[in-house]
S.K.: 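Sharing a structure here in structure tokens format.
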Amino acid sequence: QVQLVESGGGLVQAGGSLRLSCAASGRTFSSYAMGWFRQAPGKEREFVATINWRGTNTYYADSVNGRFTISRDNAKSTVTLQMTSLKPEDTAVYYCAARVVAAIGVSPYEYDYWGQGTQVTVSS
């Protein structure tokens, strides 16, 4: 069992930056791939970024590529999403997720554990 707790959300102006963190419990964190997803009001949950178990492979949605960076610290059981050049369309609840395989995944159906989410609001 893995429990995930996100933090770092908030209100920021367009062009600003935020850093989201996800703290995981459980001894098997280092063997799991991790992902970030987001869901805006009235929209489906969408993929944002993913990282493999070692942190050697990452993949991003086109909408955030070049602006967001995912990273992980297996010693601290944390995964981070650094967000820069934020846009109003980035406004959403951001979720951290874990999948019980080592390789990256882009579909929410590939993930087994989810955090409660953290709100990110970008004002224009």
Side-chain angles (χ1 to χ4, degrees):
Q1 191 79 330
V2 175
Q3 292 186 330
L4 305 171
V5 179
E6 302 97 335
S7 61
L11 174 64
V12 64
Q13 289 188 333
S17 299
L18 278 177
R19 184 180 179 92
L20 304 184
S21 293
C22 175
S25 65
R27 292 178 293 177
T28 53
F29 171 82
S30 61
S31 64
Y32 292 172
M34 300 295 295
W36 285 96
F37 291 78
R38 66 187 182 187
Q39 188 166 18
K43 294 188 177 181
E44 294 186 351
R45 191 167 298 189
E46 67 172 359
F47 165 75
V48 175
T50 180
I51 188 167
N52 71 338
W53 68 288
R54 293 178 60 188
T56 55
N57 189 21
T58 59
Y59 186 75
Y60 299 91
D62 289 344
S63 58
V64 307
N65 196 23
R67 299 188 297 123
F68 291 10
T69 303
I70 188 171
S71 60
R72 68 188 295 160
D73 185 336
N74 286 343
K76 297 181 178 179
S77 297
T78 58
V79 62
T80 299
L81 186 69
Q82 179 68 49
M83 305 185 295
T84 63
S85 302
L86 282 162
K87 305 175 181 179
E89 50 264 44
D90 293 319
T91 296
V93 176
Y94 282 71
Y95 296 90
C96 173
R99 64 187 305 235
V100 295
V101 296
I104 60 174
V106 300
S107 168
Y109 299 103
E110 296 179 291
Y111 287 78
D112 304 284
Y113 301 102
W114 292 84
Q116 293 300 307
T118 185
Q119 177 70 48
V120 171
T121 303
V122 184
S123 63
S124 57

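Remember, it's a predicted structure, so these values are computed and weren't measured experimentally.
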S.K.: To the nearest 0.5 Å, how far apart are CD1 in I70 and OG1 in T58?
M.R.: 7.5 Å

S.K.: Are the side chains of S63 and R38 in touch, meaning some heavy atoms are under 4.5 Å apart?
M.R.: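 SC-SC contact between S63 and R38 confirmed.
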
S.K.: If we ignore hydrogens and angles and just use 3.5 Å, is the side chain of S25 paired with the main-chain N or O of Q3 as donor and acceptor?
M.R.: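 The answer is yes, because a donor-acceptor pair under 3.5 Å joins these two groups.
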
S.K.: Under the disulfide (SG to SG under 2.5 Å) rule, what pairs show up with a residue in residues 34-100, not counting sequence neighbours?
M.R.: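 Matches after skipping sequence neighbours: C22-C96.
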
S.K.: Look up atom OG1 in T78 and atom CG in D73, then write down how far apart they are to the nearest 0.5 Å.
M.R.: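 T78 OG1 to D73 CG: 4.5 Å, rounded to 0.5 Å.
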
S.K.: Got I51 and W36 here, is their nearest side-chain heavy-atom distance under 4.5 Å?
M.R.: no

S.K.: Once ring pair (Phe, Tyr, Trp, His ring centres under 6.0 Å) is applied, do any residues pair with W53, and if so which ones, sequence neighbours excluded?
M.R.: none

S.K.: With heavy-atom distances below 4.5 Å as the criterion, would you say the side chains of F68 and L18 are in contact?
M.R.: no

S.K.: Do V120 and V79 sit in one hydrophobic cluster, given that two such residues count as connected whenever their side-chain heavy atoms are within less than 4.5 Å of each other, even indirectly?
M.R.: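 Same hydrophobic cluster.
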
S.K.: Any sub-3.5 Å donor-acceptor pair from T118's side-chain atoms to Y94's backbone N or O?
M.R.: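 Checking the backbone N and O of Y94 against the side chain of T118, no donor-acceptor pair under 3.5 Å is found.
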
S.K.: Please give me the minimum heavy-atom distance between A33 and A102, naming the atom from each residue.
M.R.: CB-O, 3.6 Å

S.K.: For S17 and S85, work out which heavy atoms get closest and say how close.
M.R.: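 Scanning both residues, the minimum pair turns out to be OG-N, 4.4 Å.
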
S.K.: Do T91 and Q119 have side chains that get closer than 4.5 Å, going by heavy atoms?
M.R.: yes

S.K.: Report yes if some heavy atom in the side chain of L4 is under 4.5 Å from a heavy atom in the side chain of Y95; otherwise report no.
M.R.: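 Heavy-atom side-chain distance check fails, nothing below 4.5 Å.
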
S.K.: Could you tell me the separation between the CE atom of M34 and the CG atom of L81, rounded to the nearest 0.5 Å?
M.R.: 11.5 Å

S.K.: When you compare the side chain of L20 with that of M83, does any pair of heavy atoms fall below 4.5 Å?
M.R.: yes

S.K.: To the nearest 0.5 Å, what is the distance between OG (S124) and CD (Q13)?
M.R.: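 Between atom OG of S124 and atom CD of Q13 there are 9.5 Å.
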
S.K.: Looking only at atom types and distance, does a side-chain atom of Q116 sit under 3.5 Å from a main-chain N or O of V5, one as donor and one as acceptor?
M.R.: no

S.K.: State whether the side chain of R72 and the backbone N or O of N52 hold a donor-acceptor pair below 3.5 Å, judged by distance alone.
M.R.: yes

S.K.: Please say whether more than 12 non-hydrogen atoms of neighbouring residues, nucleotides or ligands are located less than 6.0 Å from OH in Y59.
M.R.: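 Counting neighbours around OH of Y59, 12 or fewer heavy atoms of other residues, nucleotides or ligands fall under 6.0 Å, so no.
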
S.K.: Below 30° counts as parallel, above 60° as perpendicular, anything between as tilted: where do the rings of F47 and F37 land?
M.R.: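 Geometry flag for F37 against F47: perpendicular rings.
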
S.K.: Any side-chain heavy atom of Y111 sitting closer than 4.5 Å to one from T50?
M.R.: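 Side-chain contact under 4.5 Å: yes.
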
S.K.: Counting N and O atoms only, with roles assigned by atom type, does the side chain of Q82 sit under 3.5 Å from a partner on the main chain of R19, one being a donor and the other an acceptor?
M.R.: no

S.K.: Would you say V106 ends up clustered with Y60 if hydrophobic residues are merged whenever their side chains have heavy atoms under 4.5 Å apart, either directly or through other cluster members?
M.R.: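 In one cluster: no.
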
